[in-house]
Amino acid sequence: MPKLTKTGHNRYLLPRTGAMQVDALLFLNDALRSQLAENSVELQQLCDAAALPGVFGPVVGMPDIHAGFGLPIGGIMATRAHGGVVSAGAVGMDINCGVRLLATKIPADILDKPTLRALMQAIEKRIPAGVGGKSRHHRLCREGLEDALTHGARGLVSKGYGIRADLDRCEESGCLSGAQTAAVSAKALQRAAQLSTLGGGNHFLEMGIVEIIEDESAANTFGLEKGMLTVLIHTGSRGFGHQICTDYTEIMFKAAKNYGIHLPGKGLAACPTDSPEGSNYLAAMACAVNFAFANRQLITFDIREAFQEVLGETDLAVVYDVAHNIAKFEEHFGEKLLVHRKGATRALPPGHGENPVCYVATGHPAIVPGSMNSPSYVLTGTEAAKESFCSVNHGAGRVMSRSAAKKHISREQFMSSVGDVLLNTRNYKQLLDEAPPAYKNINDVVDTLADIGLTKITARLQPLAVIKGQGDD
DNA sequence: ATGTCC
């Protein structure tokens, strides 16, 4: 493995060596660099990805990088659309894990704690959270599933679960083309009954306040105003996407040798993009992408209903909905590429034609969720971000494994790290692996990119009330 | 991330 070499401010390189076809490029400040061990798993994973056939360099590591299954989380791997490979593990288990931000016209300071608690309860009553969990929209899951998988949020809006403006403010307008349910296993389809559930792990629903505005003009365009209440939805394709990743990792792992592909491990199992295995994966992946868009659309519907019940208010406007685990065909450096973003958020620069019409002048918002009491960010892409295939980070990134967090974070540390934020804690021990000390400092992570012009900060959101999925104990 | 190992 090559030595991690500093090449500039907040900039490191793993120069191509051995089987690597291309370099790996990382963005780290001094604090984040010191948290990354030489020869660490995440660095090895970047080098492994750089050795796949048809990879178009560099493989990129974001400042929130940490070890994942195959490609690290916080990793971007572009492959040639023709002559390259697609890897299920390089998209991730939670296909189209992503965030949707809603803006309200409600000044956050008029909501006292009992009102916030009432809103939390009205939301929790409607949206199952935690591992497992069955949808309360049973009829939709039964009769509308095919439509949700092929048309995503668009299918739901046409059924009355939202408005046209919601779709205008979603990546891909809430529907990724190319979805084919025939490419999805029966086992995965069974797990699709989780439509409109939150899930566990790092997923959450959060009410927050627009605390700082750094780019007044972009904030205006996005409908964000200082002091106003926001709602952030962080979830993905649940057991459905998980099953598709598992299924196709197995299929690709077995088929790779037929294409003469040497795999560094199962996590990066890959097949040619135009092979039957590769194109079937992309057709199934699109179903999971659409499932997640539909999931966030239904959750939006439920949250609007909850606000109606408690406040008599349904004016919750979608600011944007963006994936951070996805593979998409895009053009970069004049080449047609398949960009795998795993724990990385697309951030197109101003003027880029793929922006939604309403956001062409600013570039679409790239929404970066914090964790519990950590702030979330609204960012935009820049011309300089073309270096990272128009991508920014996706969160803070783990600094402690789940098991290490459960072992080392004390009750006192947990309580003080949560501070004044209202949390639906049933048993704090279940939330230790999600507590802020288990993560890197999100301000460091965002500043690492902002300092070198790879992104521009629009606004910072401070959490007020957070709903996390938990088990029964 | 995940019916946290069919």
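The sequence lines fix the lettering, A, B, ..., with proteins before strands; numbering per chain opens at 1.
When rounded to the nearest whole Å, the span between CD of Gln194(A) and C1' of dT4(B) equals 13 Å. Atom CG in Asn96(A) sits about 17 Å away from atom C1' in dT2(B), given to the nearest Å. In this structure, CD of Glu434(A) is placed 10 Å from P of dT2(B), rounded to the nearest angstrom. Between the NZ atom of Lys468(A) and the P atom of dT2(B) there is a distance of 10 Å, rounded to whole Å. In this structure, the CD atom of Gln190(A) is 16 Å from the C1' atom of dT2(B), given to the nearest Å. The separation between Gln470(A) atom CD and dT2(B) atom C1' is 17 Å, rounded to whole Å. At whole-Å resolution of the value, CD1 in Ile244(A) and C1' in dT2(B) are 14 Å apart. A straight line from CG of Leu198(A) to C1' of dT2(B) spans 14 Å, rounded to a whole angstrom.
A sub-4.0 Å separation between OP1 or OP2 of dT4(B) and a side-chain N or O of Arg402(A) is absent. Phosphate contact (OP1/OP2 of dT4(B), side-chain N/O of His242(A), threshold under 4.0 Å): absent.
Contacts of Gly200(A) with the nucleic acid, taken as non-hydrogen atoms under 4.0 Å apart, involve only primed sugar atoms and P, OP1 or OP2.
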Show me the donor-acceptor pairs within less than 3.5 Å that the side chains of residues 169-179 of chain A make with the rest of the protein, sequence neighbours left out.
unit_1: Glu171(A); atom_1: OE1; unit_2: Ala323(A); atom_2: N; d: 2.9
unit_1: Glu171(A); atom_1: OE2; unit_2: Lys328(A); atom_2: NZ; d: 2.6
unit_1: Glu172(A); atom_1: OE2; unit_2: Lys328(A); atom_2: NZ; d: 2.7

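Scanning for ring pair (Phe, Tyr, Trp, His ring centres under 6.0 Å) contacts around His66(A) gives an empty result, with sequence neighbours left out.
Between the Gln297(A) side chain and the Tyr161(A) main chain, a donor and an acceptor come within less than 3.5 Å of each other.
Mapping Gly471(A) and Met93(A) onto DNA chain B via the closest heavy atom, the residue that lands nearer the 5' end is Met93(A).
Contact check for Thr458(A) versus Pro365(A): no side-chain heavy atoms found under the 4.5 Å cut-off.
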